[in-house]
Amino acid sequence: EVPPVTEPMQAAWYRHSPTPGEVGPSVLLGHVDGGGRPGIFFRLRELKRGDEVIVERQDGSTATFVVQRVQQVRKDEFPTDEVYGDTEAPEIRLITCGGVFDHRVDSYRDNIIVYGTLRTR
């Protein structure tokens, strides 16, 4: 589940995706803000190609991913196949809201999506 907006510093792993470091696209969701405070993915849009993202795994180990690209898309044009589709190697997708805030629906109009690949030593 997406973490509650009242707890904006939490990220959640989409349970129907591989865990970070396993083959396939591991999907992590987090808020850009909530309750008037910055969220865990507040600066996600600032990432760029080559940056590293370190994810702590449930067993206490870490998986390091290298950002390949950052994409901002309208929510009604969400690239479902690109985000959730199978990959041949371990990858990560970090997703948050972004763009203009629409006060009519109390939500951002866009999503920010970061695509990364597992760093191999």
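Positions are given from 1 along the sequence. Basis for what follows: all heavy atoms, side chains included, without hydrogens, waters or symmetry-related copies.
Note: the hydrophobic cluster containing F65 also contains L47 (ILVMFWY, side chain heavy atoms under 4.5 Å, direct or indirect links). Cluster membership for I92 and Y84, using ILVMFWY side-chain heavy atoms within less than 4.5 angstrom, is not shared. Clustering ILVMFWY residues whenever any of their side-chain heavy atoms sit less than 4.5 angstrom apart, transitively, puts V83 in a cluster other than the one holding L28. L44 and V27 fall into different hydrophobic clusters, where Ile, Leu, Val, Met, Phe, Trp and Tyr side chains are chained together by heavy-atom contacts under 4.5 Å.
Annotation: ring-ring contact (aromatic ring centres under 6.0 Å, His included) contacts of F78 (sequence neighbours excluded): none.
Sparse packing is recorded around CG of D86, with 12 or fewer heavy atoms of other residues, nucleotides or ligands lying under 6.0 Å away.
By the 4.5 Å side-chain criterion applied to Ile, Leu, Val, Met, Phe, Trp and Tyr, V100 is assigned to no cluster and stands alone. Counting side-chain heavy-atom gaps under 4.5 Å among Ile, Leu, Val, Met, Phe, Trp and Tyr, the cluster of F42 also holds V32, F101, Y108.
Residues P25 and G85 approach most closely at CG-O, 3.1 Å, considering heavy atoms.
Taking the side chain as every heavy atom from C-beta outward, D51 and V66 never approach each other to under 4.5 Å. You'll find the side chain of P8 stays beyond 4.5 Å of the side chain of F41, heavy atoms only. Side chains of L118 and T64 form no contact here, defined as non-hydrogen atoms less than 4.5 Å apart. Within the 4.5 Å cutoff, no side-chain heavy atoms of K75 are placed close to those of R109.
Atoms OG1 and CZ, on T19 and R57 in that order, are 4.5 Å from each other to the nearest 0.5 Å. Summarising the geometry, atom CG belonging to L29 is positioned 5.5 Å from atom CD1 belonging to I95; distances are rounded to the nearest 0.5 Å.
By the 4.0 Å N-to-carboxylate-O rule, E91 lies close enough to R93 to be salt-bridged with it.
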Pairs of donor and acceptor atoms involving the side chains of residues 110-117, under 3.5 Å and at least two apart or interchain, shall be tabulated with distances.
| from | atom 1 | to | atom 2 | distance (Å) |
| --- | --- | --- | --- | --- |
| D110 | OD2 | Q72 | NE2 | 2.6 |
| N111 | ND2 | T96 | O | 3.1 |
| Y115 | OH | Q71 | OE1 | 2.6 |
| T117 | OG1 | Q68 | NE2 | 3.0 |

With a cut-off of 3.5 Å and sequence neighbours excluded, list every side-chain donor-acceptor pair involving residues 9-16.
| from | atom 1 | to | atom 2 | distance (Å) |
| --- | --- | --- | --- | --- |
| W13 | NE1 | S17 | O | 3.3 |
| W13 | NE1 | S17 | OG | 3.2 |
| W13 | NE1 | P18 | O | 2.9 |

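Residues in residues 22-45 take part in these salt bridge (Lys or Arg N to Asp or Glu O under 4.0 Å) pairs, two or more places apart or across chains: R43-E46.
Proximity of a side-chain donor or acceptor of H31 to a complementary backbone N or O of P3 within less than 3.5 Å is detected.
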